[in-house]
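Naming convention: chains lettered A, B, ... in sequence-line order (proteins, then strands); numbering from 1 in each chain. Just so it is clear, the values below take in all heavy atoms, side chains as well, and ignore hydrogens, waters and symmetry mates.
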Protein chains: 2
Amino acid sequence: MNNYDIKHTVNDKYSLRGRVFQKIREDILSGKYKENEELKEVAIGEELGVSRTPVREAFRQLELEGLIQIIPNKGAYVTGITAKDVKDIYMIRSLLEGLCARMATEKITKEQMEEMEENIYLAEFHAGKGHMDQMAELDNRFHDILYEACDSKMLEHLLKDFHQYVLRVRQKTLATNSRGNASNNEHKQIMEAIKAKDADRAEKLANQHMINAYDNMVKNGLYEIYGDASSEE
Amino acid sequence: MNNYDIKHTVNDKYSLRGRVFQKIREDILSGKYKENEELKEVAIGEELGVSRTPVREAFRQLELEGLIQIIPNKGAYVTGITAKDVKDIYMIRSLLEGLCARMATEKITKEQMEEMEENIYLAEFHAGKGHMDQMAELDNRFHDILYEACDSKMLEHLLKDFHQYVLRVRQKTLATNSRGNASNNEHKQIMEAIKAKDADRAEKLANQHMINAYDNMVKNGLYEIYGDASSEE
DNA sequence: AATGGTATGATTGTATACAATTATACGAGA
DNA sequence: TCTCGTATAATTGTATACAATCATACCATT
């Protein structure tokens, strides 16, 4: 009993629907499908060599992931993220990543702690070599470890959702070399606070880590690709 | 442009799929479908007078909402809310309601402020008369006003989701008369902080409001209907 | 009696056909 | 020329048919 794995995940890589889901998601995140672009069931079905049924089911999931918006009887459109959305997400994430770090301090396993240390070590290595792709990957993984370590399926799922959502932005942000290094350092400090079982400090550092990431983004003006928020603020 | 509403929502009440989704969700939240119960496509389809197709699509959405878990080629099972889930949700909500109150302090409109004051006035009236149903309704509405007032679609949607999720628990908790009164008082204080434009105080009060609600729930042992968390803590 | 394998039924996965809705084009009337 | 309405095409919504997978029962073998 109670051996159910993870809810909220699309884990069947081998069903057609699962593959279609992964593919479209990848194409949206990579920028192949642009903001507000309409996705047509038959076109995507033909491209992947499947019928409309699995495509439609994938659409329903992508909608709840927030990557597309479905207007009934009309179509599926890639959702745009506004600058205001990004700001709100980072404010929310700041609090929740803090809570996550606090909980992880109590609940983290030995294996997770080790992977976290290894992650930071590797990130420092790749930073020195200027390997941007690997650094982005390690950055993602650091947060995933933290999410898993907090031992709360609810919080884990929520943070993974948000993480996913701003991936498009983050990919570009980390391309700024200096922020990559700063981010590594902040990860290291968070890790050390957790290792020292200092939950208060871990929480505050994680709070600040998000705020710094956002500030950097604003400073570099990179978030502007997601539309102007001036009309909304 | 940019008049799209909310992401992550299933807003088509009029399509079969939308109705099926709402119906199953309601039945899960109301307890008609119990934890670990298997939901069969044809059975539900026949019950609602529709074919498997809209049922399947609704399933895919319910899975991402976290209400059911789909095991490929096997079936769809109702996921239960454990006591740990409830606890986690209240911790998350504590932070986010705080953030919401802070943002609302800045963004609330005159109309929203007035409705909030009226809400508290009415709640006091019904508390004196012992009208439990109206008090529950007003309690829900108070939070909805707050969510709308923060002027963040992201946060609003997130909080409404959680609010909905723990509705079963909350309904019972408010049945405790003393808590109903205490809750009203806390609402009043939050309202006054917002009116006085004291964002810090509003945030702290909203934080504490959630913690109190949770503590009360634990004290009354009401959350135990959601299964034992002893094995998970 | 216990075990293993095969046949049968039940259930989900996918494809396709048809219905309903929406978008587009074109022509009539002013 | 402009506007409105209708016809047509394109697209999504739903139902159904068929394929694949999984669960169950029964029988043969030991």
### Thr105(A) versus Ala202(A), closest heavy-atom pair with distance
OG1-CB, 3.6 Å

### Task
Round to a whole Å and report the spacing from CD of Glu38(B) to P of dT11(C).
8 Å

### Query
Side chain of Lys74(A): nearest nucleotide among dC22(D), dT11(C), dT22(C)?
dT22(C)

## Note on the structure
Separation of dT12(D) atom P from Arg52(A) atom CZ, nearest Å, is 7 Å

### Query
Nearest-Å distance, CG (Leu48(A)) to P (dG13(C))?
19 Å

### Task
Please report, rounded to the nearest Å, how far the C1' atom of dA10(C) is from the CD atom of Glu46(B).
13 Å

#### Entry: Residue Lys40(B), side-chain atoms from C-beta onward, closest of dT12(C), dT14(D), dG13(D)
dT12(C)

### Task
Return the minimal non-hydrogen interatomic distance between Phe59(B) and Ile70(B), and the atom names on each side.
O-CD1, 3.7 Å

### Summary
Correct closest heavy-atom pair for Glu38(B) and Gly75(B) would be OE2-CA, 4.1 Å

#### Entry: Nearest-Å distance for atom pair CD1/P, residues Ile44(B) and dT12(C)
9 Å

### Query
Atom CZ of Arg17(A) and atom P of dA19(D): how far apart are they, to the nearest Å?
21 Å

### Task
Answer with base, sugar-phosphate or nothing: what part of the nucleic acid does Leu39(B) contact at a heavy-atom distance below 4.0 Å?
sugar-phosphate

### Summary
Between Phe59(B) and Val50(A), whichever has its closest DNA chain C nucleotide further toward 5' is Phe59(B)

### Task
Write down the distance between CD (Glu57(B)) and P (dT12(C)), rounded to a whole number of angstrom.
16 Å

### Query
Which heavy atom of Lys84(A) sits nearest a heavy atom of Asp151(B), and at what distance?
NZ-O, 2.9 Å

### Task
Drop me the distance from Ile92(A)'s CD1 to Lys87(A)'s NZ, to the nearest 0.5 angstrom.
12.5 Å

### Message
Is the phosphate of dA15(D) approached by Ser51(B) (side-chain N or O, under 4.0 Å from OP1 or OP2)?
### Response
yes

### Task
Please tell me which of the listed nucleotides, dA15(C), dA15(D), dG13(C), lies nearest to the side chain of Pro54(A)?
dA15(C)

### Distance in angstrom units between Glu41(A) CD and dT22(C) P, rounded
15 Å

### Task
Compare side-chain N and O positions of Arg56(B) against OP1 and OP2 of dG13(C) and report whether any pair is under 4.0 Å apart.
yes

